[in-house]
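Below is one structure; the comments refer to it alone.
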Amino acid sequence: GSILVALLPLLIEQQMVEAEGLASNHLEGACCGSSNLNANSTDHTAVEFFAGMGGMRAAAAESGMPLRIVAAFEISELCQRAYVHNFGGSTTCAGSGRNGSCNEWRLGTIESLRLEELDAIGADCWLMSPPCQPFTRSGNKQDHKDSRTAGFLHLIDCLPRLQRPPKRLLLENVVGFDRSESRRLLLEALAGMGWEAAEFLLDPEDFGLPNRRPRYYGLFRAAAAAAAAAGAIEVLTLVEENRPSFWRKVVDVFQDVELPCLHGCHAEQPPVPLGELLQLPEALSEEEAELGCGLEVPQEILSERMSKEGRLDIHLRSDRTSACLTKGNGQLPRGFSPLVVVNEEELVESPLEQRAKASAQGSGPGAATDHVWRPGVRLRYLSPNEQLRLLGYPATYSFPASLTFRNRCSMLGNSLNVRIVARLLQLLLLPAQESGAAEGALVYGGVAVEVRTHEARMVDEPNE
């Protein structure tokens, strides 16, 4: 059964950092010091591993926490273009210069990093979203044997041997990672270092966004960081000792490694309608012109997909959910793509047929049934800007013109939800005396967190 944990009232008002006033096309740095959340906090430094298009950095800016990115590692040159386009620097920067904002970008494999290099960086926070393919339900499930986990396993191996190890770590991955050998290896290393853990299974729908994308999130902190946050652990009052907490000693989590207990959210309000995040016709036309392609899916491709799969992920503007974004988005008849009706006025006299959903994926408010396509009904892909909104990116994030529609969709499908990570960073970095506020703020518009085992959420796992 489920255990409902009532959280402390929200003590501080959320003051998410707005991008207005920043340099054009740049989300300047990731050190955002204007929020009340960090008025008395010490600046933190962070390194992004598997940086991708910069989701962790965008979340750091949105969190309002004093967090400065000092290094970002990635192997994709396409991701490098998007990252540098938004955060400054040059794609030719080697990362060794003292001047310029490209100092932190490192194009190269993580498994080649030496202990001395990691110690030289000396960041007190590690942020990472390792490749998810070894853990997805539709993949080969090779887990730690998959070559794509090499960088992550290398970091695990380095952690206990560093002279200047990080004090905090945030990890995002797909549902399935929580049952992996890779997670077990991470817990084993951190248990030996005396760390604490708080693990979550969170979905954008619980944070006000109409998108179904459940993900595993792991927060980890060193004992020294926990003690510093508490101020003086040995003098905790009885009330503080009994206060509901997300944190457990990793050594205890490791004992229950086969049955992870993940924290999940239930928001008090449903997500906003999908239509609120869709482009207006004029803006959509401008985006299509910039992309150099239309977003409408040809009728023959829709017919081919229906003949093979029997369904399409169709959404109306009134829907309060949408199908999971994956790296195969935008490539029908291959893969899965959330689609929207081009002109819903054409359906007024003859609405789409409804039928029970083929799977639990996407279930939720306004999504108890599938919309059934019929020939002649025009459908289109979500535009990259619309996908950015679903993932909680700030309005100022943009793609360089050199990236194609499929380039952008692939990067977005591999990215993370910025809104969720921003709130988790608050929980990871806020002092303990303010953590009740952070926990209250974790749910977007709600004040309750449900603690449940992973088995209770099995039906939510998307077929990726």
Side-chain angles (χ1 to χ4, degrees), residues 204 209-213 271-359 361-391 399 403-413 462-463:
L209 294 168
N211 183 240
R212 195 60 162 166
R213 205 169 190 252
V272 300
L274 180 62
E276 292 189 16
L277 276 68
L278 299 182
Q279 297 269 55
L280 295 173
E282 182 177 348
L284 185 65
S285 296
E286 291 177 359
E287 188 174 358
E288 287 179 321
E290 192 263 331
L291 289 167
C293 67
L295 298 177
E296 185 172 340
V297 185
Q299 292 283 303
E300 56 269 23
I301 289 181
L302 296 174
S303 297
E304 180 182 350
R305 178 70 180 188
M306 283 293 290
S307 67
K308 292 181 178 179
E309 297 291 334
R311 64 182 292 271
L312 292 162
D313 293 309
I314 303 173
H315 302 290
L316 302 178
R317 297 182 64 87
S318 58
D319 285 354
R320 294 181 183 268
T321 189
S322 55
C324 185
L325 297 170
T326 70
K327 71 171 186 176
N329 178 37
Q331 300 183 40
L332 290 178
R334 295 178 55 246
F336 297 89
S337 294
L339 304 170
V340 292
V341 177
V342 172
N343 184 1
E344 293 189 23
E345 292 182 2
E346 298 174 357
L347 303 178
V348 172
E349 295 184 2
S350 181
L352 292 175
E353 176 191 347
Q354 305 292 301
R355 69 180 176 196
K357 294 194 72 65
S359 71
Q361 181 184 352
S363 61
T369 58
D370 278 323
H371 306 295
V372 182
W373 180 76
R374 63 173 181 267
V377 174
R378 295 183 297 145
L379 304 176
R380 69 168 178 87
Y381 296 117
L382 293 173
S383 77
N385 284 339
E386 291 166 341
Q387 295 176 52
L388 284 168
R389 293 171 185 173
L390 283 176
L391 291 175
F399 290 102
L403 294 178
T404 67
F405 172 65
R406 288 195 174 184
N407 290 157
R408 302 178 195 197
C409 286
S410 178
M411 278 189 276
L412 287 158
N463 184 20

Approximate separation, where rounding is to 0.5 Å, of [X] [atom1] and [Y] [atom2]:
X	Y	atom1	atom2	answer
Leu312	Arg305	CG	CZ	7.0 Å
Ile301	Ser337	CD1	OG	10.5 Å
Asp370	Leu352	CG	CG	11.0 Å
Leu295	Glu288	CG	CD	4.5 Å
Cys409	Leu382	SG	CG	8.5 Å
Asn407	Thr404	CG	OG1	3.0 Å

[X] side chain to [Y] main-chain N or O, any donor-acceptor pair under 3.5 Å?
X	Y	result
Thr321	Asn211	no
Glu386	Gln279	yes
Arg212	Cys324	no
Tyr381	Gly294	no
Arg380	Glu296	no

Exercise. Write out all pairs satisfying salt bridge (charged side-chain N to carboxylate O under 4.0 Å, His left out) with one or both partners inside residues 331-347, taking only residues at least two apart or from two chains.
Key: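 Sorted result for residues 331-347: Glu346-Arg378.
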Nearest heavy atoms of [X] and [Y], plus distance in Å:
X	Y	value
Gln387	Leu412	OE1-CD1, 3.5 Å
Met411	Leu403	CE-CD1, 3.2 Å
Pro210	Ser322	O-OG, 2.7 Å
Ser318	Pro273	O-CB, 4.3 Å

Less than 4.5 Å apart, any side-chain heavy atom of [X] and any of [Y]?
X	Y	result
Arg320	Leu274	no
Arg311	Val372	no
Trp373	Gln299	yes
Leu391	Leu325	yes
Lys327	Arg406	no
Val341	Leu316	yes
Ile314	Val377	no
Glu304	Lys308	yes

Quiz prompt | Evaluation steps, side chain to side chain contact (heavy atoms under 4.5 Å, CB included), between Leu209 and Leu277 | solution = CA-CA 9 Å; Leu209 294 168; Leu277 276 68; 4.2 Å; yes
Practice problem: Give a yes-or-no answer on whether the side chains of Thr326 and Asn329 include a donor-acceptor pair shorter than 3.5 Å. | Solution: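 Judged by distance alone, the side chains do not pair up.
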Exercise. Tell me yes or no: between the side chains of His371 and Asp313, is some donor less than 3.5 Å from an acceptor?
Key: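 Checked: His371/Asp313 side chains show no N/O donor-acceptor pair below 3.5 Å.
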Exercise. Show the numbers, then the answer: is there a side chain to side chain contact (heavy atoms under 4.5 Å, CB included) between Leu379 and Val342?
Key: CA-CA 5 Å; Leu379 304 176; Val342 172; 5.5 Å; no
Quiz prompt | Those residues that, when tested against Glu353, pass side-chain hydrogen bond (donor to acceptor under 3.5 Å, both in side chains) (two or more places apart) | solution =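 Counting only residues at least two positions away or on another chain, Glu353 forms no side-chain hydrogen bond (donor to acceptor under 3.5 Å, both in side chains).
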